[in-house]
Asks: 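Sending over a structure as structure tokens; questions will come in a sec.
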Amino acid sequence: IVLMGGLGADDKSALEKIKDRGKLVVGTSAGFPPFEMLNTSAAGGVEGIDMDVAKAIADALDVELEIKNYDDFSVLITALQNGKIDMVIAGMTITDDRNESATFSMPYYKADQALVVLKSNTDILSTADLAGKVVAVNTGTTGQYYIEDNLPDVGEMKPYGTASDTFQALSGNKVDAVIIDSPVAANYISDTNPYKIVETIETNEFYGIAMSKNNSEDLVTEVNKILEDLIDSGEMEKIISKWSQA
Ligand code: GLN
């Protein structure tokens, strides 16, 4: 019988590991504006609300920040479980299912889902009009789960790796509609973009930072303290308005 744990490095808590390493490794999936967007000139190649939060956490822990970007949102929890990253900051909704495989921080942002179609579309006015239609979602997200659980008449659900891929599919007429997180949908609406939001679906989701379930109590406590400070000091509000469309 091999008893796991109790040896060397594995004894260290999640927080101790980060401090000893001198570096916090954060996993995200860019293509989810305004939370994480690719920008080659940004530190770590990714910028946005979540990346400012990541930086604030690294600063408060007095360690360097490394961003690991994944092209597919749905692999983030596995990367966390495999120890490739210390935490996920990716507009990730706290759900019962995910609570089985990760520990979440306190919530830091509230979102709903939104139904988006092309401005030129006149026959989809709400989710009630999606029967037989092709709808794009970001793979492994709450938008996908919403369709699976609530919209059995949807003709076809097409999964894409990132939110930005779903909008490309919509503008390229590969799909009839997109169901995506409401703040991200809002970010894509502009005079020059071809999209419109026809319905906000009140799913009442809360974004949290996902951490390992393994020996992470001290890290979770610390991250919650840092988030609380960001919220109480008004810094979180500043970060959010800095990246949100006027
Ligand atoms: N909030 C959604 C989820 O957690 C979408 C996240 C994302 O695509 N980055 O499933």
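Below, each value reflects all heavy atoms present in this structure, side chains not excepted, and no hydrogens, waters or symmetry copies. By convention here, the first residue in the shown sequence is residue 1. Order of listing sets the numbers, starting from 1, for every ligand and every atom in it.
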Asks: Determine, step by step, whether F32 and F73 satisfy the side-chain contact (heavy atoms from CB on, under 4.5 Å) criterion, reporting the C-alpha distance in whole Å, the side-chain angles of both residues, the deciding distance to 0.1 Å, and the verdict.
Replies: CA-CA 10 Å; F32 195 69; F73 174 83; over 6 Å; no
Asks: Among protein heavy atoms, which sits nearest to atom 1 (N) of ligand 1, and what does the distance come to when rounded to 0.1 Å?
Replies: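 Answer, as residue, atom name and distance: D181 OD2, 2.6 Å.
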Asks: Looking at ligand 1, does F35 have a heavy atom less than 4.0 Å from it?
Replies: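 Per 4.0 Å heavy-atom rule, F35 does not contact ligand 1.
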Asks: Give a yes/no on ligand 1: does G91 have at least one heavy atom closer than 4.0 angstrom to it?
Replies: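 Yes.
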Asks: For atom 9 (N) of ligand 1, what is the closest protein heavy atom, and at what distance to 0.1 Å?
Replies: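 The protein heavy atom lying closest is A90 O, 2.9 Å.
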Asks: Could you list which atoms of ligand 1 come closer than 4.0 Å to a heavy atom of T141?
Replies: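 Atoms satisfying the 4.0 Å criterion: 5 (C), 8 (O), 10 (O).
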Asks: Give the residue, atom name and distance (to 0.1 Å) of the protein heavy atom nearest atom 7 (C) of ligand 1.
Replies: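 Minimum-distance protein heavy atom for atom 7 (C) of ligand 1 reads F32 CE1, 3.3 Å.
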Asks: What about the rings of F104 and F206, do their centers lie closer together than 6.0 Å?
Replies: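 No: the rings miss the under 6.0 Å criterion.
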Asks: Please step through side-chain contact (heavy atoms from CB on, under 4.5 Å) for the pair N204 and K110, ending with a clear verdict.
Replies: CA-CA 7 Å; N204 288 304; K110 158 148 190 332; 3.0 Å; yes
Asks: Of the backbone atoms (N, CA, C, O) and the side-chain heavy atoms from C-beta on, which set of N138 has a member under 4.0 Å from an atom of ligand 1: side chain, backbone, both, or neither?
Replies: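 N138 to ligand 1: side-chain contact only, backbone stays beyond 4.0 Å.
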Asks: For E228 and K225, run salt bridge (Lys or Arg N to Asp or Glu O under 4.0 Å): C-alpha distance rounded to whole Å, both residues' side-chain angles, the deciding distance at 0.1 Å, then the answer.
Replies: CA-CA 5 Å; E228 234 169 306; K225 243 190 263 165; over 6 Å; no
Asks: Would you confirm whether T139, through its side chain, and Y160, through its main-chain N or O, come within 3.5 Å as a donor-acceptor pair?
Replies: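 Yes; judged by distance alone, with no hydrogens or angles, the pair exists.
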Asks: Should the proximity of R98 to ligand 1, defined as any heavy atom under 4.0 Å, be assigned to the side chain, the backbone, both, or neither?
Replies: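 Side chain only.
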Asks: Should you measure from each heavy atom of M92, which atoms of ligand 1 turn up under 4.0 Å away?
Replies: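 That gives atoms 4 (O) of ligand 1.
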Asks: Using a cut-off of 6.0 Å, state whether more than 12 heavy atoms not belonging to D71 lie near its atom CG.
Replies: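 No, not enclosed.
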Asks: Compare all side-chain heavy atoms of D52 with those of W243 and state whether any distance is below 4.5 angstrom.
Replies: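 Yes. Closest side-chain heavy atoms under 4.5 Å.
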Asks: So if I count the atoms of ligand 1 from 1 in the order they appear, which ones are less than 4.0 Å from some heavy atom of Y207?
Replies: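 Counting from 1, the qualifying ligand atoms are 1 (N).
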Asks: Which atoms of ligand 1 sit under 4.0 Å from any heavy atom of T93?
Replies: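 That gives atoms 1 (N), 2 (C), 3 (C), 4 (O) of ligand 1.
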Asks: Kindly say whether T95 contributes a backbone atom to a donor-acceptor pair with the side chain of T93 at under 3.5 angstrom?
Replies: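 Checking the backbone N and O of T95 against the side chain of T93, no donor-acceptor pair under 3.5 Å is found.
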Asks: On a heavy-atom basis, I'd like to know which of T142, T203, T139 is closest to atom 10 (O) of ligand 1.
Replies: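 Looking at heavy atoms only, T142 sits closest to atom 10 (O) of ligand 1.
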